[in-house]
Colleague: 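Have a look at this one.
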Amino acid sequence: ATHPVVADDHGDDTGGATVLSVGAPTAGTFEKPSDRDVFSVDLLAGERYVAEIKKTGATTLYAFITGPDQTIDLYAGTGALNRSQDIVAFTAEASGTYFLYVDTNNAVTGGYEVLVRDSVIADDHGDSEAQLAMVTIDTEISGLLEEPGDRDYFEFPVTAGTRYVGEATSGSVHFLSVRQQGPPFGSLFIDGQPRFLTVWNSPFGSNRESSVFTARETGNFPILVEESSGGTGSYSLQVSTVTTPDDHSELEEFATLLM
């Protein structure tokens, strides 16, 4: 049996990418379960932008943006919390053509809309790995997620074998997420595993959470702060040295032997 050929509205690779204009929304459709659509947009170094992906029929969307050097700069998705859209704010690190890849990994078809627009809000902290702010241990830092999709990146200097406590407080952020940033940073410093802090600021939740860890290596410990549900608000963050001795190590190589 022959199958009808389904026309593709947007190319599947960078060679067939649909050109986006900044500020102009563009609609797309997954014509078949394996479809992927690629878009290109020219951005200027140092300028702040907002990328939005919105479901108009597809049940789940995943997207990532690559810079002019083709490395992945940003990731977004509508799967978490069953959201209808995801928004990511970012600053272009270099002038050139950026590519936006959109697909669905649950093998369905349906529609969506993408938009890359200028941001008109000043950012208090860097929103990419290249703009990490170094923060002193035992010093509290305050931040503001100024617009939906804003992300703040920080680094804390840590020393191998030293115990620390990370504390996050939500001032007005509804669902604050603080985590060790993954690749390309990896998960070397925290017991071999990424660590997360989630602060649910509501009458039924605490607006302050903490996590104790032992640094496995000496170096700079990167942290990403964001609002998981796409909201805005204020927060504070602090990593402090723990002076109280630990009776049992958090690291496997120093595990207590049970007899």
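Starting from 1, each residue takes its place in the sequence as its number. Note that these values count all heavy atoms, side chains included, but never hydrogens, waters or copies made by symmetry. No experiment lies behind these values; they were computed from the predicted model shown.
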Colleague: Considering only heavy atoms from C-beta outward, does the side chain of Leu115 approach that of Thr26 to under 4.5 Å?
Modeller: no
Colleague: Identify each donor-acceptor pair in which a side-chain atom of residues 37-46 lies under 3.5 Å from a protein atom, sequence neighbours left out, and give them as a table.
Modeller:
residue, atom, partner, partner atom, Å
Asp37, OD2, Tyr112, OH, 2.5
Asp42, OD1, Thr97, OG1, 2.6

Colleague: Is there a side-chain contact between Pro68 and Tyr98 (heavy atoms, below 4.5 Å)?
Modeller: yes
Colleague: Treating Ile, Leu, Val, Met, Phe, Trp and Tyr as nodes and any side-chain heavy-atom pair under 4.5 angstrom as an edge, say whether Ile121 and Val225 lie in one connected cluster.
Modeller: no
Colleague: Is the gap between the ring centers of Phe154 and His125 under 6.0 Å?
Modeller: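 Yes, the ring of Phe154 comes within the 6.0 Å limit of the ring of His125, centre to centre.
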Colleague: Quick one: does Ile137's side chain get under 4.5 Å of Thr241's, heavy atoms only?
Modeller: yes
Colleague: Are Val158 and Asn220 side-chain neighbours, meaning at least one heavy-atom pair lies under 4.5 Å?
Modeller: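 The answer is no, as the side chains (C-beta and beyond) never meet within the 4.5 Å cut-off.
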Colleague: Can you name the nearest heavy-atom pair linking Arg48 to Ala89, along with the distance?
Modeller: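 Closest approach of Arg48 to Ala89: NH2-CB, 3.4 Å.
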Colleague: How many angstroms lie between atom CE of Met134 and atom CD of Glu155, to the nearest 0.5 angstrom?
Modeller: 4.5 Å
Colleague: Report yes if the side chains of Leu237 and Glu167 come closer than 4.5 Å at any heavy-atom pair, otherwise no.
Modeller: no
Colleague: Distance-only, no hydrogens or angles: does the Asp124 side chain make a donor-acceptor pair with backbone N or O of Gly143 under 3.5 Å?
Modeller: no
Colleague: With side-chain contact (heavy atoms from CB on, under 4.5 Å) as the criterion, how do Ile65 and Phe99 come out once you've worked through the C-alpha distance, each side chain's angles and the decisive distance to 0.1 Å?
Modeller: CA-CA 6 Å; Ile65 299 174; Phe99 290 95; over 6 Å; no
Colleague: Does any part of the side chain of Tyr153, heavy atoms only, come nearer than 4.5 Å to the side chain of Ile223, both counted from C-beta?
Modeller: no
Colleague: Can you tell me how far apart CZ (Phe64) and CG (Leu100) are? Round to the nearest 0.5 Å.
Modeller: 9.0 Å
Colleague: Do Thr136 and Ile141 pass the side-chain contact (heavy atoms from CB on, under 4.5 Å) test, and can you show the C-alpha distance, the side-chain angles, and the key distance before you say yes or no?
Modeller: CA-CA 9 Å; Thr136 305; Ile141 184 170; over 6 Å; no
Colleague: Could you walk me through whether Thr14 and Tyr101 pass the side-chain contact (heavy atoms from CB on, under 4.5 Å) test, one step at a time?
Modeller: CA-CA 9 Å; Thr14 57; Tyr101 297 77; 3.1 Å; yes
